[in-house]
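Since this is a predicted model, take the numbers as computed values, not measurements.
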Amino acid sequence: MDDPVEAARAVGDLYAALDRELDRVAVVRLKAVRQLRRSGWSYDRIAEATGLSKGRVAQLVKDVRQPSRRQAAP
């Protein structure tokens, strides 16, 4: 692209599309980790099984992007 404005806008659009897709994929992991916790798995067990750190597992369990069933509106 020769026009710098066009290039900047195109890159911005690409970043926005990537962000949307990353959020969509992240929700899959959030749901999976929460399902394991509801099944009684400890943070340590989830971390070992998934390759995530225990701290990251804790962050995912508490992430507010996808409400848990208890928090969801009726």
Side-chain angles (χ1 to χ4, degrees):
M1 291 183 198
D2 293 332
D3 180 4
V5 172
E6 185 179 325
R9 285 184 178 166
V11 170
D13 291 344
L14 176 61
Y15 282 156
L18 288 171
D19 283 343
R20 285 189 301 273
E21 287 304 305
L22 287 172
D23 284 343
R24 187 179 62 80
V25 172
V27 168
V28 173
R29 183 171 65 173
L30 287 170
K31 288 180 178 181
V33 168
R34 288 182 180 157
Q35 182 179 359
L36 293 170
R37 281 294 291 158
R38 284 192 306 271
S39 296
W41 284 42
S42 68
Y43 287 7
D44 286 325
R45 185 175 176 195
I46 295 170
E48 185 175 322
T50 62
L52 297 167
S53 71
K54 184 178 172 183
R56 186 64 182 131
V57 170
Q59 288 175 336
L60 291 171
V61 168
K62 296 174 185 173
D63 193 302
V64 296
R65 282 183 284 180
Q66 181 68 26
S68 67
R69 285 188 182 146
R70 285 186 295 186
Q71 296 169 333

Assess, by modelled atom type and distance only, whether the side chains of Gln35 and Arg38 contain a donor and an acceptor separated by less than 3.5 Å.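 Short answer, no.
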Show the nearest heavy-atom pair for residues [X] and [Y], with the distance to one decimal.
{"X": "Ser42", "Y": "Arg37", "result": "CA-NH1, 3.7 Å"}
{"X": "Arg34", "Y": "Val61", "result": "NE-O, 3.3 Å"}
{"X": "Ser53", "Y": "Ala47", "result": "C-CB, 3.9 Å"}

From the options Arg24, Arg29, Lys31, select the one residue that forms a side-chain contact (heavy atoms from CB on, under 4.5 Å) with Val27.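 It is Lys31; the other options fail the test.
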Can you get from Leu14 to Val11 by hopping between Ile, Leu, Val, Met, Phe, Trp and Tyr side chains that sit under 4.5 Å apart?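 Shared cluster, yes.
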To the nearest 0.5 Å, tell me how far Ile46 CD1 sits from Leu60 CG.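 The CD1 atom of Ile46 sits 9.5 Å away from the CG atom of Leu60.
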